[in-house]
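Taking it in order: structure first as structure tokens, then the write-up.
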Amino acid sequence: MPAVYEIPPRKTPGSDDEYLEQMAKAIFQAGFSWSVIRNKWENFKKAFDCFSIEKVAAYGLDDLERLVSDTGIVRNRQKIAATVENAGCMKEFIGEHGSFKAYLDSLEEDYYDRAGELTRRFKHLGRTGVFVFLYCVNEEVPEWEDR
């Protein structure tokens, strides 16, 4: 029997920080019950300084240890480290393009090319995660085919 997923809402983020939040959510949902992540999300926002790109990109080892010890979030070290690294990557693209939305708009229009670029540039953003991320930030995606 195929897995049943709750369809998340689609909304174009109003800030670069909201793009980081949506990317982190897509990463943490992968391999977990989405309801677990949804129920803990307010804790994630507090733990990650409301996903402020500036703050998260500046996290060091003490912050990683703090997050890995935080029982209010999913304490997956690789996903936590990926979120920090992805904040740094987003910060670079924002510096080059003016905003993360402008960076997304600069990518190829073909979904598969865009998805491939994003999965290469951002850690722990796999095939499903990139689909969920792009869907949630209101970008064009094809119909989902569970293979």
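Since we're looking at a predicted model, the values are computed, not measured. The chain is numbered in sequence order, starting from 1.
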Decide yes or no for Thr71 and Arg75: does some side-chain heavy atom of the first lie under 4.5 Å from some side-chain heavy atom of the second?
yes
Which atom of Ala102 lies closest to which atom of His97, heavy atoms considered
CB-O, 3.3 Å
Under 3.5 Å, side chain of Asp70 to main-chain N/O of Arg66, donor-acceptor pair present?
no
Smallest heavy-atom separation, Gly129 atom then Ala26 atom, equals O-CB, 3.5 Å
CG/Asp62: more than 12 non-hydrogen atoms of other groups inside 6.0 Å:
no
Can you say whether the rings of Tyr103 and Phe122 are parallel (under 30°), tilted (30 to 60°) or perpendicular (over 60°)?
perpendicular
Is there a side-chain contact between Asn138 and Lys11 (heavy atoms, below 4.5 Å)?
no
Ring centre gap for Phe32 and Trp41 strictly below 6.0 Å
no
Can you tell if the side chain of Ile53 reaches within under 4.5 Å of the side chain of Met90, non-hydrogen atoms only?
yes
Any chance you could measure Ile80, atom CD1, to Glu65, atom CD, to the nearest 0.5 Å?
9.5 Å
Answer whether the closest heavy-atom distance between the side chains of Ile37 and Val74 falls below 4.5 Å.
yes
Nearest 0.5 angstrom please: Asn86 CG to Met23 CE, how far?
5.5 Å
Atom pair CG (Leu20) and CG (Asp49), whose distance is rounded to the nearest 0.5 Å:
11.0 Å
Look at the aromatic rings of Phe131 and Tyr135 and report parallel, tilted or perpendicular, splitting at 30° and 60°.
parallel
May I ask you to decide whether Arg121 forms a salt bridge with Glu92, counting only side-chain N to carboxylate O separations under 4.0 Å?
no
pair Asp105-Phe100: side-chain heavy atoms closer than 4.5 Å:
no
Mind checking whether Leu64 and Val84 have side chains closer than 4.5 Å, heavy atoms only?
yes
So do the side chains of Trp34 and Val132 get within less than 4.5 Å of each other, counting heavy atoms only?
yes
Could you tell me whether the side chain of Asp113 and the main chain of Asp110 form a donor-acceptor pair under 3.5 Å?
no
Starting at OG1 of Thr12, measure out to CG of Leu104 and round the result to the nearest 0.5 Å.
10.0 Å
Please determine whether a side-chain nitrogen of the Lys or Arg among Lys101 and Glu139 lies less than 4.0 Å from a carboxylate oxygen of the Asp or Glu.
yes
Quick check: do Tyr19 and Phe51 have side-chain heavy atoms less than 4.5 Å from each other?
no
Between the NZ atom in Lys25 and the CZ atom in Phe133, the distance rounded to the nearest 0.5 Å is 12.0 Å
Does Thr119 reach the main-chain N or O of Gly116 with its side chain, forming a donor-acceptor pair under 3.5 Å?
yes
Kindly check if the number of other-residue, nucleotide or ligand heavy atoms within 6.0 Å of CD (Glu96) is above 12?
yes
Looking only at heavy atoms, which two atoms of Cys50 and Asp17 are closest? And how far apart?
O-CB, 4.4 Å
Between CZ on residue Phe28 and OG1 on residue Thr83, distance to nearest 0.5 Å:
4.0 Å
Donor-acceptor contact present, side-chain Lys79 to main-chain Ile27, <3.5 Å
yes
Other residues, nucleotides, ligands: >12 heavy atoms within 6.0 Å of Lys45 NZ:
no
Give me the atom names and distance for the closest heavy-atom approach of Ala87 to Val56.
CB-CG1, 3.7 Å
Salt-bridge contact Arg114-Glu117 (side-chain N to carboxylate O under 4.0 Å):
no
